[in-house]
Structures are given as C-alpha cells and as structure tokens.
Amino acid sequence: MTRTTRVIDGKAAAQRVRDELKREVDARVARGLRRPGLATVLVGDDPASAVYVRNKRKGAEECGLVSVHIPLPTSTTTDELLAVVRRLNADDAVDGILVQLPLPRHIDEHAVLMAVAADKDVDGFHPDNVARLTMGVPEALVPCTPLGCLRLLVDEGVALSGARAVVVGRSNIVGKPMAALLLGKNATVTIAHSRTRELAAVCREADVLVAAVGRAMMLGRDHVKDGAVVIDVGINRTADGKLVGDVDWDAIQGVASAATPVPGGVGPMTIAMLLQNTLTAHGRRLGVTMTT
Ligand code: GUN
C-alpha cells in the first residue's frame, strides 16, 4: 500500500503564530503596557547571519515589538561585547536579548551567553534556562528551533505520549533541547549522533524522527518507518546552490505519513518562536500572563 506523505506547512503555521502574537501585543498595549522590546546583537559581517538578523528584526516589527539592533565590528573584544550585554540587561525597555551566533573566533562565546540575563534569554541558551527545561519547570525560555518543531508536531495533532522519538543530532541549540521537550511530552526519546551504530535501524524505530545533523540529505528511505512523522531541521546548500534538508525529501515520499519540507518547514517557525519567547519574557517581567 502506498501512502501520500502530508506536507507540514511551516510557513502557514508560523503565520498563524505571528497573527496570535500580534493580537496579544495589541491587547497588552491597549491595557497600557509598554510594547515588548527585542534587542539583536550582530558582531561582524557574516552575510548569512546578517540575513537571519534582518528577518528577526522584520518579524519583530511586524508583530508590534520594539526592535533595537546593535551591529558591532568584527574587531569587538569579549569585554566590549560583555559591556553591551550588561547594558541591555539593565535596560528596562528590553525584554529579549539575542546575540547572533556564530561569534568571531576570538570572542569567548560561553562567557557572552552566560552574561545574558536569564529572564531576557530569548534563545534559551543560559544554563538557568537549560536546567529549567530539563527539570520541566514551566518558567524556562526554550531554544526557538526545537520549540518550533514541537509546535508543528502539536499543531499537526501528532500523538507524542508513549511514542518513540529519535532525535538525530546532539547540539545544545537543537538536539538536546528537542529531546528534553519530547520527553516532557512523555515520548520515549533516543538521541542519535555521528557515532551511533546502525543509525538507520535506530531511526526506523521512530514514530517521530527529528533530523538535526547539518548534513545534506543524510537520512533517506532506510531511516524512516512506514507512517513516521519526519521533522527536518537541516538547512544545507548543495554544490549547485540548492537548499536541502538533512532528509532526502524524494526518498521518503510514500513512507513518512507527514514531513516538513526545506525550505518552508521548520525555518519559518524559528523566528515565530523567538517572537513568542520575547512576549513570554515581557509578560513575566511585567507580571502578566497571555491576555488573548
Ligand atoms: N545562529 C544560528 N541559529 C541561531 C539561534 O537560534 N540563535 C542565535 N542567537 N544564533 C543562531
């Protein structure tokens, strides 16, 4: 029996989230609260990072947030960047701080990420937020990409409780927090990675397969169980300039029950979740919960 693999439309899902968030911002402003503020810090002139940050700022403004952007030269020292972060920590109009990664190699990235106030850490990278997520404490600010993946699964109505989930990739930004989120939804979670033996067999156990390895089309038909839901976090550029995921899209057609395309799957959700985290931080800092 062949099946049709449903396309999970991340662009449409992200637009729904952004519409919800805009209504929430409007409601808070109507109550006399100040607009939520998002600060973006970009060090250096990496073109891809510049595009990402521009899209984040544009998304913030479209949602009615105040966007503060701090571009810094490549020559910025760790101490100078720490001073910027501390100033943003102390600025009451700033609810969320995002320091775009990767930072130039001479900067102590860990020190910078540690310095972001945990209650403004809209990336969810600070150890306090990592601990809260792991402990299942609701106050955690959770990394945007895995939060977006979870939202797609929930919106699709995928049953997670008791399901077998395999996350391929163990990064701090995606793999580990993704596993913690799925565990929080009572899935049985395996984290696979570059050293995993018999990767295809491990992946074939999955009802929900999340690919976050950063290698073009690494997972194919052999890795997908019939009827599995596949979430592809990868964004890779092939030699001929095409954007592809970590999953071979054509190969899994008719095997997966649903899958996210690249582009247009997980990517758009990441920015939507950044905006959501900024509203969460704003709400907490002002002592309000969602009003809409
Ligand atoms: N660079 C690539 N992904 C991310 C992200 O999620 N947050 C930040 N700050 N930088 C990134």
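Both ligands and their constituent atoms are indexed starting at 1 by order of listing.
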### Task
Evaluate the 4.0 Å heavy atom contact test for atom 3 (N) of ligand 1: does a protein atom fall under the cut-off?
no
#### Entry: Protein heavy-atom partner closest to atom 11 (C) of ligand 1 - residue, atom, separation in Å
Q100 NE2, 3.5 Å
### Working for side-chain contact (heavy atoms from CB on, under 4.5 Å), residues L153 and K185
CA-CA 11 Å; L153 289 167; K185 293 289 181 190; over 6 Å; no
### Task
Compare all side-chain heavy atoms of E109 with those of I107 and state whether any distance is below 4.5 angstrom.
no
### Message
Under 4.0 Å, counting heavy atoms only: does T145 come that close to any atom of ligand 1?
### Response
no
### Message
Please list the nearest protein heavy atom to atom 5 (C) of ligand 1 with its residue and the distance rounded to 0.1 Å.
### Response
D123 OD1, 3.8 Å
### Message
Below the 3.5 angstrom mark, is there an N/O of L101, backbone or side chain, next to an N/O of ligand 1?
### Response
yes
### Query
Do ligand 1 and V99 have nitrogen or oxygen atoms that lie under 3.5 Å from each other?
yes
### Task
Consider only side-chain heavy atoms of I, L, V, M, F, W and Y, link residues closer than 4.5 Å, and tell whether V7 and V244 are in one cluster.
no
### Message
Please tell me whether D79 and T77 have a donor and an acceptor in their side chains that are separated by less than 3.5 angstrom.
### Response
no
### Message
Taking the basic N atoms (NZ, or NE/NH1/NH2) and the acidic carboxylate oxygens, is any pair closer than 4.0 Å for D248 and R221?
### Response
no
